[in-house]
Novice: 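Below you'll find the structure I mean.
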Amino acid sequence: MNAVVFDMDGLMFDTERICMQAWDYAGEKMGIGKAGYMVLKTLGMNYLETGEMWKREFGERYDEQELRRYSHEFTSVYYKENALPVKKGLYLLLDHLKNSGYKMAVASSSQRSEIEEHLEDAGVSEYFQAIIGGDMIQRSKPDPEIYLKACEALGEVPGDCYALEDSKNGLLAAYRAGCTPLMVPDLWKPDDEILGIIAGKFDDLEKVKDYLEGSSNEIISRH
């Protein structure tokens with residue numbers, strides 16, 4: 001295996017819970033009630049498909065501009081008062097992958113500008129050779145497009161790439177692209193379909209590091 005492609009929200013950073021709070025806040029401001037539960041309905045979707053899901057849920061009561069405005073209002077205050085919540089083991093895993101010669105990319109349904117901002121805030125931008133955002137693709141996860149683009153950007157075939165994900169849509173996208181999916185559950189817990197396609201399920205990113213170290217040592221010992 002030559003590369004690792006990372007999802008971002010819920011995998012590298014604990015941002016999905018912040019989004020739930022922001023959508024609760026926005027929903028109440030919009031007069032539709034707390035809407036944080038919509039995060040679970042839209043995990044892995046880009047902003048276009050997320051908007052379609054909101055329209056199906058709320059119909060004419062959904063106003064995209066109001067949702068964006070109130071969500072931004074909440075998150076701008078949150079991030080002024082709080083640091084970006086980094087998932088356990090991220091720095092250890094990134095150091096291990098870099099030292100082991102892996103290429104790395106981010107394949108996230110968030111917009112590229114938001115991805116770059118979070119990577120910069122966490123001080124991890126230098127680890128990644130490619131970033132593919134949800135605004136750079138035509139078809140959202142679970143379609144494999146985003147993973148195919150990430151592998152292409154790294155110059156690797158999907159069969160030589162691990163994919164780290166927390167959502168069903170993301171894991172299906174990685175699997176359909178031909179990557180080897182590894183799951184670190186966050187808000188959503190795996191069902192039988194996902195358990196049948198993933199190569200491993202881990203409590204946190206540090207456990208992923210241990211797994212990859214063990215895999216590398218096993219390969220070395222065979223030679």
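Note that the structure is a prediction, hence the values are computed from the model and not measured.
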Novice: Rounded to the nearest 0.5 Å, what's the gap from CG on Leu90 to CE on Met12? Could you check?
Specialist: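 CE of Met12 is found 5.0 Å from CG of Leu90.
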Novice: Checking Glu57 now: which residues fulfil side chain to side chain contact (heavy atoms under 4.5 Å, CB included) with it, not counting sequence neighbours?
Specialist: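 Side chain to side chain contact (heavy atoms under 4.5 Å, CB included) list for Glu57, sorted by chain: Tyr37, Met38, Lys41.
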Novice: Do Val5 and Leu11 belong together in a cluster built from hydrophobic side chains that touch within less than 4.5 Å?
Specialist: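 Val5 does not cluster with Leu11.
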Novice: Just verifying a value: how many Å separate Lys98 NZ and Ser100 OG, rounded to the nearest 0.5 Å?
Specialist: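 Taking NZ in Lys98 and OG in Ser100, the distance rounds to 12.0 Å.
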Novice: Determine all donor-acceptor pairs shorter than 3.5 Å in which one atom belongs to a side chain in residues 148-158; sequence neighbours excluded.
Specialist:
residue	atom	partner	partner atom	Å
Glu156	OE1	Asn2	ND2	3.1
Glu156	OE2	Lys103	NZ	2.9

Novice: Which atom pairs, donor and acceptor, lie under 3.5 Å between side-chain atoms of residues 200-208 and protein residues at least two apart or in another chain?
Specialist:
residue	atom	partner	partner atom	Å
Asp204	OD1	Glu206	N	3.0
Asp204	OD1	Lys207	N	2.9

Novice: Output side-chain donor-acceptor pairs under 3.5 Å for residues 121-130, partner residues at least two apart or in another chain, one line each.
Specialist:
residue	atom	partner	partner atom	Å
Ser125	OG	Glu120	N	3.3
Ser125	OG	Glu120	OE1	3.4
Tyr127	OH	Asp95	OD1	2.5
Gln129	OE1	Met104	N	2.7
Gln129	NE2	Tyr127	O	3.2

Novice: Are Leu92 and Phe6 connected in a single hydrophobic cluster, I mean Ile/Leu/Val/Met/Phe/Trp/Tyr linked by side-chain heavy atoms less than 4.5 Å apart?
Specialist: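 No.
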Novice: Specify the closest pair of heavy atoms between Ile146 and Ser109, including all atoms of both residues, with the distance to one decimal.
Specialist: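 Ile146 and Ser109 have their closest heavy atoms at CD1-N, 4.4 Å.
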Novice: Run the side-chain contact (heavy atoms from CB on, under 4.5 Å) test on Asn99 and His96 for me, step by step, so that the C-alpha distance in whole Å, both residues' side-chain angles and the decisive distance to 0.1 Å come before the verdict.
Specialist: CA-CA 5 Å; Asn99 294 335; His96 167 71; 6.0 Å; no
Novice: Could you check if a side-chain atom of Met8 sits within less than 4.5 angstrom of a side-chain atom of His118, using non-hydrogen atoms only?
Specialist: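 The answer is yes; the side chains approach within 4.5 Å.
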Novice: Would you mind listing the cluster partners of Val77? Hydrophobic ones only (ILVMFWY), side-chain contacts under 4.5 Å, chaining allowed.
Specialist: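 Reading the cluster by chain and number, Val77 sits alone, since nothing else belongs.
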Novice: Would you call the rings of Trp54 and Tyr62 parallel, tilted or perpendicular, where under 30° means parallel and over 60° means perpendicular?
Specialist: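 Ring orientation, 0 to 90° scale: tilted.
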Novice: Who are the side chain to side chain contact (heavy atoms under 4.5 Å, CB included) partners of Asp191, not counting sequence neighbours?
Specialist: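 With neighbours one apart ignored, the set is Lys168, Trp188, Glu193, Ile194.
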Novice: For Leu43 and Ser167, work out which heavy atoms get closest and say how close.
Specialist: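 Residues Leu43 and Ser167, closest heavy atoms: CB-CB, 3.9 Å.
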Novice: Is there a path from Leu187 to Leu84 through hydrophobic residues (I, L, V, M, F, W, Y) whose side chains come within less than 4.5 Å of each other?
Specialist: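 Yes, same cluster.
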Novice: By side-chain hydrogen bond (donor to acceptor under 3.5 Å, both in side chains), which residues pair with Gln111, not counting sequence neighbours?
Specialist: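 None.
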Novice: Can any side-chain N or O of Asp166 pair as donor or acceptor with the backbone N or O of Val184 at less than 3.5 Å?
Specialist: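 Looks like no, no N/O pair under 3.5 Å.
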Novice: What heavy-atom pair brings Tyr147 and Gly170 nearest, and what distance separates the two atoms?
Specialist: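 Taking every non-hydrogen atom into account, CE1-O, 3.8 Å.
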Novice: Parallel, tilted or perpendicular: which describes the rings of Tyr162 and Tyr211, with under 30° parallel and over 60° perpendicular?
Specialist: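 Plane angle over 60°, so perpendicular.
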Novice: Could you work out, with side-chain hydrogen bond (donor to acceptor under 3.5 Å, both in side chains) as the rule, every residue matching Glu73, not counting sequence neighbours?
Specialist: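 Counting only residues at least two positions away or on another chain, Glu73 forms a side-chain hydrogen bond (donor to acceptor under 3.5 Å, both in side chains) with Tyr25.
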Novice: May I have all residue pairs that pass side-chain hydrogen bond (donor to acceptor under 3.5 Å, both in side chains) and include part of residues 76-93, sequence neighbours excluded?
Specialist: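 Every side-chain hydrogen bond (donor to acceptor under 3.5 Å, both in side chains) pair that includes a residue of residues 76-93, provided the two are not neighbours, is Lys87-Asp186.
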Novice: Working to the nearest 0.5 Å, report the span between CZ of Phe58 and CE of Met53.
Specialist: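 If we round to the nearest 0.5 Å, Phe58:CZ and Met53:CE are 11.5 Å apart.
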Novice: Looking at CG of Leu97 and CD of Glu213, how far apart are the two atoms once the value is rounded to the nearest 0.5 Å?
Specialist: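 Taking CG in Leu97 and CD in Glu213, the distance rounds to 9.5 Å.
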Novice: Let's go through Asn169 and Thr42 carefully: what are the C-alpha distance in whole Å and the side-chain angles of both, what is the deciding distance for side-chain contact (heavy atoms from CB on, under 4.5 Å) to 0.1 Å, and is it a yes or a no?
Specialist: CA-CA 9 Å; Asn169 283 337; Thr42 57; over 6 Å; no
Novice: Applying side chain to side chain contact (heavy atoms under 4.5 Å, CB included), can you list everything that pairs with Glu116, at least two apart in sequence or on another chain?
Specialist: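 Side chain to side chain contact (heavy atoms under 4.5 Å, CB included) list for Glu116, sorted by chain: Arg112, Ile131.
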Novice: Compile the donor-acceptor pairs under 3.5 Å between side chains in residues 138-145 and protein atoms, sequence neighbours left out, one pair per line.
Specialist:
residue	atom	partner	partner atom	Å
Arg139	NE	Asp143	OD1	3.3
Arg139	NE	Asp143	OD2	3.3
Ser140	OG	Gly44	O	3.4
Ser140	OG	Asn46	N	2.7
Lys141	NZ	Asp7	OD1	3.1
Lys141	NZ	Ala107	O	3.0
Lys141	NZ	Glu165	OE2	2.7
Asp143	OD1	Glu145	N	2.9
Glu145	OE1	Gln138	N	3.0
Glu145	OE1	Arg139	N	2.7
Glu145	OE2	Gln138	N	3.2

Novice: Looking only at non-hydrogen atoms, find the nearest pair between Ile18 and Pro85 and report the distance.
Specialist: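 Smallest heavy-atom distance, with atoms named: CD1-CG, 3.6 Å.
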Novice: Indicate if Val106 and Leu182 have the same hydrophobic cluster label, given that clusters are the connected sets of ILVMFWY residues with side-chain heavy-atom separations under 4.5 angstrom.
Specialist: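 Same cluster.
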Novice: Just how far is it from atom CG of Leu94 to atom NZ of Lys209, taken to the nearest 0.5 Å?
Specialist: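 The NZ atom of Lys209 is 12.0 Å from CG of Leu94, to the nearest 0.5 Å.
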Novice: Hey, could you give me the CG/NE2 distance between Leu67 and His72, rounded to the nearest 0.5 Å?
Specialist: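 Result: 13.0 Å between the selected atoms.
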Novice: Mind running side-chain contact (heavy atoms from CB on, under 4.5 Å) on Glu28 and Lys34 for me, showing each step along the way?
Specialist: CA-CA 5 Å; Glu28 291 189 319; Lys34 291 184 176 182; 3.3 Å; yes
Novice: Same cluster or not: are Ile115 and Val39 linked, directly or through other Ile, Leu, Val, Met, Phe, Trp or Tyr residues, by side-chain heavy atoms under 4.5 angstrom apart?
Specialist: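 Looking at the clustering, Val39 is in the same group as Ile115.
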Novice: Apply side-chain hydrogen bond (donor to acceptor under 3.5 Å, both in side chains) to Asp9 and list each qualifying residue two or more places apart in sequence or on a separate chain.
Specialist: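 So Asp9 forms a side-chain hydrogen bond (donor to acceptor under 3.5 Å, both in side chains) with Thr15, Ser110.
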